[in-house]
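In what follows, chains are A, B, ... by sequence order, proteins preceding strands, each numbered from 1.
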Amino acid sequence: MSKAVPQSVTQLIEAFSRLPGVGPKTASRLTYYLLRAPDEMTQTLAAALVDLKTKTRYCSVCFNITEDDPCPICADSGRDATQVVVVEEPLDVLAVERTGAYQGRYHVLHGAISPVEGIGPEDLKIRELVERVQKEGVLEVIVATNPGMEGDATAMYLQRQLAPTGVKTTRLARGLPTGGDLEYVDSITLLRALQGRHEI
Amino acid sequence: MRIEHLSLQNFRNYARLEISLPEGPILLHGANAQGKTSLLEAIYYLATSRSPYTTSDRQLINWNADQDLLPFAKIGAEVVTTSRALNRIEITLTEANGGLNGARLNKEIRVNGVSRRVMDLIGQINVVMFLPQDMALIEGAPAERRRYMNVTLCQTDAEYCQALATFDKVLTQRNALLRRIADSDGSPDELAFWDDQLTESGAVLVAGRQRLLRELEVKARQIHRDLSGNEEDLELCYQPGFMPTANNTGQLSFDVLGLDLNRQLDAGAIAGQFRERLGETVGEEIARGMTLIGPQRDELRLLFNGHDLGLYGSRGQTRTAVMALKLAELEWMRDVVGEWPILLLDEVIAELDAARRAYLLDRIDGANQVLLTTTEPEIFTAEFLQRATRWEVRQGQIVTVSPASS
């Protein structure tokens with residue numbers, strides 16, 4: 001970047017462009033926007049960024065990101081502790097929560113098994129899940145990893161690890177999207193939907 | 001099946017081309033490096049989404065377009081089949097700025113204006129291409145023959161195509177895991193899932209290849225007899241990479257597993273055997289950090305009168321066998337698809353003697369559309385030249401069009 005741009009501006013542009021989905025142009029635009037914005041706004045943003053790392057941690061029970069330990073979901077006695085949905089990422093918790101239909105608890109693995117990326121079972125919170133199932137009287141583990149090869153590998157590994165505990169292990173059904181058009185659905189999805197059909 | 005209209009934009013040395021294609025033979029002539037082959041390549045690319053000449057799609061974009069802000073290439077065709085109405089197929093390659101990872105190439109496929117995946121291209125256009133480098137099918141490395149089987153089957157069999165994609169992904173993951181286990185970073189009980197996927201998808205590949213080769217062999221043998229004057233017997237010998245061979249002779253010892261390759265095997269039986277063999281090999285696989293058996297090591301040998309053509313065949317015998325194989329492929333595809341595929345012949349005619357040239361042209365006479373390239377149109381008979389539409393190609397343009405006179 002040219003010398004006409006002060007160091008502190010360049011620094012922020014570079015910091016922004018390291019973020020996912022942000023290119024050099026957006027980074028410059030954000031930076032110059034903040035430059036002109038009221039002090040209060042930049043200070044709030046800065047404080048929020050600091051809090052993001054200092055105030056959050058993993059929930060010691062479910063490993064979701066939280067400010068309080070245990071997290072609000074794990075602390076909520078109104079939620080069913082005998083059911084656990086296992087997801088890959090914290091954002092997946094939000095997705096399941098949005099359905100409004102689930103009243104149990106969660107377990108966040110923080111990834112899926114992928115040898116190519118160097119992620120093995122010991123890099124995920126799998127051991128912690130097995131311990132949790134053994135100790136906490138969980139009756140059903142609902143595996144909600146992504147329906148791809150890595151998610152399937154993780155699901156199968158989980159199933160094998162959980163089998164000795166005798167807990168009921170289920171996997172989310174896969175099939176047709178609501179509001180979709182049958183003729184535009186790809187054949188694998190349709191095949192899975194056909195295999196997973198149920199009586200009405 | 002035939003292409004009614006072809007449009008190219010920034011494809012190889014074509015800056016822009018819009019042309020209607022008639023039925024019957026189309027002879028592309030002109031000096032070297034003018035764009036004859038690129039036209040065939042464009043059609044092949046639309047059918048298979050890959051080039052027969054290069055593995056890097058970036059090379060397909062016209063280099064003058066590199067100066068543009070967003071370099072791109074666009075290939076489109078309107079295809080008419082005997083059974084279905086007109087379909088419009090379009091592939092766009094766009095150079096996209098990939099941020100830290102450098103430039104990426106985006107490939108967008110549209111069928112009748114709707115964005116589709118590569119898998120959905122299957123069966124939209126079927127082509128059979130004859131190339132001088134087809135000789136590598138016999139003389140080249142085993143990977144050439146696996147590629148040949150893959151490309152042929154992927155054009156007609158969506159299940160095979162799917163299994164191939166899965167298999168490649170699983171193989172990469174499994175090899176990475178084997179290396180991790182070798183480095184004591186993982187444990188062998190993590191293999192179970194990848195073993196299941198590998199043997200399941202691998203078995204579909206083996207079954208598909210076996211079926212293809214059995215069907216090709218019947219046709220190729222007959223054609224080969226015609227070509228060689230009934231003297232030699234051509235055999236396609238499939239050697240699945242998961243089966244043990246006797247003392248590395250390359251000869252299969254079928255009885256070891258009780259599998260009979262002369263009968264069509266079903267994927268279920270193959271998966272079971274493959275799985276069993278995988279269990280025996282896993283120790284060595286961990287030690288070497290890679291998957292040692294499976295369709296990634298399949299081999300296909302062509303034998304004439306029991307002798308291996310790749311090892312003992314003369315240049316002439318090899319050429320005859322390749323021609324028999326390609327013509328068999330053409331008829332196989334016609335039978336499977338239910339209509340003639342589009343034929344692309346790149347410079348092969350010039351390499352044949354008069355008798356074989358006549359045989360080849362006679363054999364492909366039923367096709368709806370044949371595109372041939374040549375630098376010397378004189379080698380064709382007057383009768384053929386009369387039937388053919390002739391296009392002269394010069395510097396990425398079709399400069400003269402001489403319609404068929406009959």
>> For I119(A), which atoms come within 4.5 Å of any heavy atom of chain B: side chain, backbone, both, or neither?
In response: backbone
> Would you say the side chains of T145(A) and R171(A) form a donor-acceptor pair under 3.5 Å?
Replying inline: yes
> Quick one: of V22(A), D152(A), I113(A), who has the most non-hydrogen atom pairs under 4.5 Å with chain B?
Replying inline: D152(A)
>> Within this structure, what is the NZ-CG distance for the pair K169(B) and L198(B), rounded to the nearest 0.5 Å?
In response: 14.0 Å
> So which pairs with a foot in residues 108-122 of chain A pass salt bridge (charged side-chain N to carboxylate O under 4.0 Å, His left out), sequence neighbours left out?
Replying inline: E122(A)-R180(B)
> Quick one: what part of R117(B) sits under 4.5 Å from any heavy atom of chain A, side chain, backbone, both or neither?
Replying inline: side chain
> Is R105(A) reaching over with its side chain to a backbone N or O of C74(A), donor-acceptor style, under 3.5 angstrom?
Replying inline: yes
> What part of M156(A) gets closer than 4.5 Å to chain B, counting heavy atoms only: side chain, backbone, both or neither?
Replying inline: side chain
>> For D185(B), which atoms come within 4.5 Å of any heavy atom of chain A: side chain, backbone, both, or neither?
In response: backbone
> Looking at A158(B), A176(B), G186(B), which makes the most heavy-atom pairs under 4.5 Å with chain A?
Replying inline: A176(B)
> Between H107(A) and F63(A), what is the ring plane arrangement, given parallel below 30°, perpendicular above 60°, and tilted in between?
Replying inline: perpendicular
> Is the shortest heavy-atom distance from the side chain of Y102(A) to the side chain of R79(A) under 4.5 Å?
Replying inline: yes
>> Looking only at heavy atoms and a cut-off of under 4.5 Å, which of Q197(B), E190(B), E159(B) has the most pairs with chain A?
In response: E190(B)
>> Taking side chain as everything from C-beta outward and backbone as N, CA, C, O, which of these in Q159(A) sits under 4.5 Å from a heavy atom of chain B? Side chain, backbone, both or neither.
In response: neither
> In terms of heavy-atom pairs under 4.5 Å with chain B, which of G120(A), A153(A), G23(A) leads?
Replying inline: A153(A)
> Hey, does the side chain of S17(A) reach the backbone of P24(A) with a donor-acceptor pair shorter than 3.5 angstrom?
Replying inline: no
>> Less than 4.5 Å to any heavy atom of chain A: does that hold for the side chain of R174(B), its backbone, both, or neither?
In response: neither
